[in-house]
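Encoded as structure tokens, the structure appears first; notes follow it.
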Protein chains: 2
Amino acid sequence: MEQLSATAYVILGFVRNEPRSGYEIKAVVDNSTRFFWAASYGQIYPELKRLAEAGLIVGSDVPTGGRRRTVYEITADGEEELRAWLRQEPETFEMRDEGLLKLFFADALPREEAVAILRSMRDKRRAVNAQLQALKQMKGELDDPFPMIVLQGGLEFTEWFADWCERMEARLLDSALDERSG
Amino acid sequence: MEQLSATAYVILGFVRNEPRSGYEIKAVVDNSTRFFWAASYGQIYPELKRLAEAGLIVGSDVPTGGRRRTVYEITADGEEELRAWLRQEPETFEMRDEGLLKLFFADALPREEAVAILRSMRDKRRAVNAQLQALKQMKGELDDPFPMIVLQGGLEFTEWFADWCERMEARLLDSALDERSG
DNA sequence: ACAGGCATGTAAATAGTTACATGATTCG
DNA sequence: CGAATCATGTAACTATTTACATGCCTGT
């Protein structure tokens, strides 16, 4: 069998403790891992089929009323596969930040407009921080501590980033002052 | 004209002050924006053609010896386009961190192996931090302060992240202790 | 002579998003 | 009844990476 995609492991991870439908997987991804690993229906549904064919999950029809619905559970092989993946060194780390890119080239703009980039970045990070706070309220105490550790990391990261934006904004405004007076 | 890709703006940004070849653009991207915005030859060369056709850059043949070479300069239209883009709110912010994803699902592993994920993440962040330090040494004082601000941000971010990994590692080890004694 | 870097480019594969189609159910 | 939500799925598109092909130049 060829290598599984990272999305495959997201699915394995989420069906490990409770059986879930594709729709439910999408919903839970959108409220948790999406901040560092997103997944769309276009990835989830085909991947569910592949994983079922490979015997790593099994689906069963559990309609809600007359609405057809397939929920998937992990198999012993699937658990094995998930653990084997977890034991490998993480490889992918990517960040694509249009704000940082604009800031990088901000010399092409007058200073006040460069500062506006930082302000916009700060506002965005604070908004995400608020989303994460809301998520945190929703979750009760779980016996699995890891999702909360990661969420906490997201909160700290967004705070750090927003603060950094403010500090850099102050620094730019200071140096603008220097230019005028020095 | 259809919307330009973000890669197009990376190119516009880098040819703004000095004329550069596709090869040089790739090199400078790899030593700067790659940490938050990467670009490959497969994107750069076709994009250079498109930008030249659109009149946002102009290429001229400047061979080094018998080695053919085309360097591109920005046009007035190109500068205008770049500035217009810089003035728009940054949209894309994406992070794909396989380490965080693994940590999120780490309950499937014995605690010592979960801790290993954090250690591996920390080591990776420290390694990137060292790369950025090296980059910082290489650059002298520029009159454009923004690349250095962004680089400095990268240094702080990798430090913060590495520290967070250590703190979370300590926390996991503590709670393992609690379970035994409590 | 040969390795490594300079230089341009393309083909194929992979990844991922968006938009759409379909249809049932629930709630106001 | 109509809107929202549950539910599954696909097609088309866009983005991006990887690998390869070509060939010149420089230094050892």
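From a predicted model like this one, the values you see are computed outputs, not experimental measurements. Just the heavy atoms: all of them, side chains too, but no hydrogens, waters or symmetry mates, feed the values below. Naming: A, B, ... by sequence-line order, numbering from 1 per chain.
At whole-Å resolution of the value, CZ in A/Arg69 and C1' in D/dC6 are 9 Å apart. Regarding B/Lys49, its NZ atom lies at a distance of 17 Å from the P atom of C/dA7, rounded to whole Å. Atoms CD (B/Glu24) and C1' (C/dA7) sit 10 Å apart, rounded to a whole Å. The separation between A/Arg20 atom CZ and D/dA7 atom P is 13 Å, rounded to whole Å. Going from atom CD1 of A/Ile11 over to atom P of D/dG9 covers 12 Å, rounded to whole Å. Between the CG atom of A/Asp61 and the P atom of D/dA7 there is a distance of 13 Å, rounded to whole Å. B/Lys26 has its NZ atom 15 Å from the P atom of C/dA7, to the nearest Å. When rounded to the nearest whole Å, the span between CD1 of B/Ile25 and P of C/dG9 equals 12 Å.
A salt bridge between A/Arg167 and B/Glu156 is present, with a side-chain N of the basic residue lying under 4.0 Å from a carboxylate O of the acidic one.
A close approach under 4.0 Å does occur between a side-chain nitrogen or oxygen of B/Tyr23 and OP1 or OP2 of C/dC6. Phosphate contact (OP1/OP2 of D/dT8, side-chain N/O of A/Tyr45, threshold under 4.0 Å): present. Between C/dT8 and B/Ser21, a contact under 4.0 Å exists linking OP1 or OP2 to a side-chain N or O. Regarding contacts with the backbone of D/dA15, every side-chain N or O of B/Thr7 stays at 4.0 angstrom or more from both OP1 and OP2. Not one side-chain nitrogen or oxygen of A/Tyr41 sits closer than 4.0 Å to the OP1 or OP2 atom of D/dG9.
In this structure, a donor-acceptor pair under 3.5 Å is present between the side chains of B/Gln43 and B/Thr7.
Within the nucleic acid shown, A/Thr70 comes within 4.0 Å of sugar-phosphate atoms alone, with no base atom in reach, counting heavy atoms only.
When the nucleotides D/dT8, D/dT10, C/dT17 are ranked by their closest atom to the side chain of A/Gln43, C/dT17 comes out on top. For B/Ser40, the listed nucleotide lying nearest its side chain is D/dT17; candidates were C/dT17, C/dT10, D/dT17.
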Base, backbone or nothing for each nucleotide of nucleotides 23-28 of chain C, written B, S, -, heavy atoms under 4.0 angstrom, 5' to 3'?
BBS---
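A search for side chain to side chain donor-acceptor pair (under 3.5 Å) contacts involving B/Tyr9 returns B/Glu81, not counting sequence neighbours. Partners of B/Thr33 according to the side chain to side chain donor-acceptor pair (under 3.5 Å) rule, which considers only residues two or more places apart in sequence or in another chain, do not exist here.
Side-chain heavy atoms closer than 4.5 Å link hydrophobic residues (I, L, V, M, F, W, Y) into clusters, and following such links, even through other members, never connects B/Val28 to B/Val62.
Among the candidates B/Leu135, B/Leu151, B/Thr158, the single residue satisfying the side chain to side chain contact (heavy atoms under 4.5 Å, CB included) test with B/Phe35 is B/Leu135. Put simply, the residue from A/Leu12, A/Leu51, A/Ile11 that forms a side chain to side chain contact (heavy atoms under 4.5 Å, CB included) with A/Ile74 is A/Leu12.
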